[in-house]
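For reference, the structure is listed below as structure tokens.
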Amino acid sequence: MLTRIYGTAWATEKGLEQHLLQIAEAEKRDHRKLGREMDLFHFQEEAPGAVFWHPKGWTLFQSLINYMRNRQDEAGYVETNTPDMMDKSLWETSGHWDKFSDMMFRTEAKDDKIYAIKPMNCPGAVEIFKQGLKSYRDLPFLLSEFGKVHRYEPSGALHGLMRVRAFTQDDAHIFCTEDQITQESKTVCDLILSIYKDFGFDNVRIKFSDRPEKRVGDDAIWDKAEAALMQAMEATGLEYTLNPGEGAFYGPKLEFVLRDAIGRDWQCGTLQVDLNLPGRLGATYIGEDGNKKIPVMLHRALFGSLERFTGILIEHYAGHLPFWLSPLQAVVATITSDTDEYAYEVQKALVSKGIRAEIDTRNEKIGYKIREHSNSKVPAIIAVGKKEAEDKTVSVRRIGSSETKTFKLEDIVTSLSKEAKSPIE
RNA sequence: GCCGCGUUAGCUCAUUUGGUAGAGCAGUUGAUUUGUAAUCAUCAGGUAGUCAGUUCGAUUCCGACACGCGGCACCA
């Protein structure tokens with residue numbers, strides 16, 4: 001009988017200790033554990049790889065979407081929404097069916113058609129572009145969509161929020177001319193990095209992936225697409241690594257990679273240059289010379305998968321989300337029931353300024369409440385007792401600190417509502 | 001999907017060779033009105049993932065399946 005034994009070896013006892021400590025630290029940051037503890041989401045057997053978002057998790061998710069929507073508005077995108085199911089024939093035309101049909105969910109209705117549940121948003125975007133006659137003056141044409149896509153990922157690949165079968169992309173498709181590829185790509189790179197900075201990610205790895213073995217389009221088109229993307233990459237002056245043969249089947253791509261708590265890398269943002277699908281799906285515009293031309297399509301996602309980005313964020317902050325992202329920003333905790341009335345007044349004042357605040361008037365000691373709300377990662381615990389009620393003040397304890405500071409009620413409302421704004425407001 | 005491992009209360013875990021399960025926390029109820037990380041007591045909580053097999057008897061042994069964990073492969 002053959003027996004396999006696994007193990008790790010360390011040069012010193014200290015090295016081993018450090019390793020074990022690191023594992024323990026990573027476990028504390030694990031988004032699957034924190035997701036349960038913070039009551040953000042759950043999974044269950046009936047829907048493997050699909051998220052049940054709880055109220056607090058969905059609040060966080062929506063904060064991310066709102067932020068992204070603002071950034072995209074600012075950058076000139078117009079938002080769209082396309083059907084979740086479309087006839088199989090569309091996916092055959094796009095080439096997805098040929099390469100990914102066994103990883104696509106499909107369904108049927110009473111008619112004889114087979115509908116595919118979308119694994120990507122791009123064909124839908126092309127169909128919107130195709131409506132009405134487009135001129136070169138309309139380019140670049142920036143269509144965004146928060147699209148929920150489904151992919152039958154291999155069972156062994158599923159991993160918490162990081163790898164799921166149903167996820168939401170902050171997707172967009174930029175229709176442009178070949179001459180515009182470099183500028184548009186550079187703009188996207190700058191946008192991604194600026195956004196990541198707002199979430200505390202300063203070290204983003206970028207990978208350049210070129211033509212894979214299984215692909216559509218002839219080599220001349222690939223030469224052109226790769227050269228254009230490479231040129232854009234050079235124009236940004238950013239560092240990147242080559243990832244040969246790892247591009248999409250329709251074009252080369254950039255991957256913006258973030259690292260989780262235990263050092264695993266995950267592709268988040270992406271930018272893909274596509275000289276194939278617009279032609280296959282029949283998109284055209286009228287050029288300066290009055291002739292029909294086929295536009296270039298840049299696929300891009302900034303967070304990538306909202307689910308994955310949320311998972312990375314939770315691990316990055318070890319659950320201590322920045323105030324503006326916290327689903328529950330403040331809890332007003334009473335010391336005795338004598339001050340319940342004032343506590344409600346405090347909570348009301350906070351909520352009226354858009355702060356997500358709850359109240360805890362339970363018959364428990366203040367130490368108990370502090371412990372509980374600290375464990376659930378509430379960024380601001382606001383204690384009110386007799387003293388505070390008399391002076392119209394509050395005693396605030398911030399997460400990660402054991403210090404208590406006293407503020408006038410109106411001052412804390414002002415400063416917290418300032419803190420509650422997203423970085424671009 | 002592949003290799004290995006796992007699945008016992010809401011959560012974290014215990015149940016020495018097969019004799020149908022126990023704790024802490026959470027929850028209930030009651031008392032306590034409390035000043036910054038756990039007040040005390042009380043009660044309740046389970047077809048041991050599912051199905052099948054061996055056995056007088058299965059949480060325990062065998063098998064299949066589901067889901068999960070670690071890695072691989074995959075990742076539009």
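The structure displayed is predicted, hence computed values, not measured ones. Chain letters run A, B, ... following the sequence lines, proteins first, then strands; residues in each count from 1.
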In whole angstroms, the gap separating P of B:rA37 from CD of A:Glu372 amounts to 14 Å
By the Watson-Crick or G-U definition, both distances under 3.5 Å, B:rG4 is matched with B:rC69
*Which part of the nucleic acid does A:Tyr250 contact within heavy-atom distance under 4.0 Å: base, sugar-phosphate only, or nothing?*
sugar-phosphate
Checklist entry - With no angle test and no hydrogens, is the base of B:rC75 tied to the side chain of A:Arg151 by a donor-acceptor pair under 3.5 Å? => result no
- Task: Taking the side chain as every heavy atom from C-beta outward, state whether A:Met38 and A:Lys56 have any atom pair closer than 4.5 Å.
- Result: no
Taken to the nearest whole Å, CD1/A:Ile370 to P/B:rU39 is 12 Å
What about A:Phe309 and A:Tyr196, are their ring centers closer than 6.0 Å?
-> yes
- Answer with base, sugar-phosphate or nothing: what part of the nucleic acid does A:Glu388 contact at a heavy-atom distance below 4.0 Å? base
In Watson-Crick or G-U wobble terms, with both distances under 3.5 Å, the base opposite B:rA64 is B:rU50
- Message: Any base atoms under 4.0 Å from A:Ala157, or only sugar-phosphate, or nothing? Heavy atoms, all strands.
- Response: base
I'd like to know if A:Glu372 and A:Arg362 make a salt bridge, using a cut-off of under 4.0 Å between side-chain N and carboxylate O.
yes
- Hey, does A:Asn121 have a side-chain heavy atom less than 4.5 Å from the side chain of A:His173? yes
Are any of A:His159's side-chain N or O atoms less than 4.0 Å away from OP1 or OP2 of B:rG70? yes
Across every strand shown, the nucleotide meeting Watson-Crick or G-U wobble geometry with B:rU15 (both distances under 3.5 Å) is none
